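The structure appears below as structure tokens.
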Amino acid sequence: MPAGGFANGFRLNPFDYPGIVLVGWRFRRSLADRREAVERLICRLDGAEIEGKLWVVQGGRIVERHCDGDEED
């Protein structure tokens, strides 16, 4: 899928799936950065519902993308 394909809610509708998580690994990210991203995701999954949503984990945060183009942290 072309770059940005998964993060594009119009192309891959999260409502058609039990939930989608895209972890944005930037080139040359350290193991510590990757571990922090996964730990942040695990904590978020513990207290939030992902069904029908698209989460993008990047830059120390998790952004929930909506098909209408809106985002929220």
Side-chain angles (χ1 to χ4, degrees):
M1 186 167 289
F6 280 112
N8 182 339
F10 292 106
R11 183 164 190 160
L12 189 62
N13 188 345
F15 296 114
D16 295 336
Y17 300 91
I20 300 171
V21 175
L22 174 67
V23 181
W25 300 131
R26 294 183 186 260
F27 185 66
R28 296 185 180 171
R29 290 220 41 183
S30 70
L31 179 59
D33 289 341
R34 292 175 187 210
R35 179 174 290 158
E36 179 184 344
V38 171
E39 288 173 356
R40 183 178 308 279
L41 174 61
I42 290 168
C43 288
R44 180 78 174 262
L45 284 169
D46 188 38
E49 180 62 46
I50 190 173
E51 186 171 340
K53 298 178 182 175
L54 170 63
W55 290 356
V56 181
V57 182
Q58 64 185 38
R61 66 188 188 136
I62 298 176
V63 176
E64 185 177 308
R65 297 226 172 147
H66 302 274
C67 291
D68 59 7
D70 288 343
E71 294 183 354
E72 62 184 59
D73 282 327

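Here the structure is a predicted model, which means the values were calculated and not measured. Hydrogens, waters and symmetry mates play no part in the numbers below; they use all other heavy atoms, side chains included.
The line from CG of L54 to CD of E64 is 8.5 Å long, rounded to the nearest 0.5 Å. The distance from the CG atom of L22 to the CG atom of L41 is 11.0 Å, given to the nearest 0.5 Å. Between atom CH2 of residue W55 and atom CD1 of residue I50 there is a gap of 4.5 Å, rounded to the nearest 0.5 Å.
Residues V38 and V23 form no side-chain contact, since every pair of their non-hydrogen atoms from C-beta on lies 4.5 Å or further apart. For the pair I62/R40, a side-chain contact is recorded, criterion being any heavy-atom separation below 4.5 Å from C-beta on.
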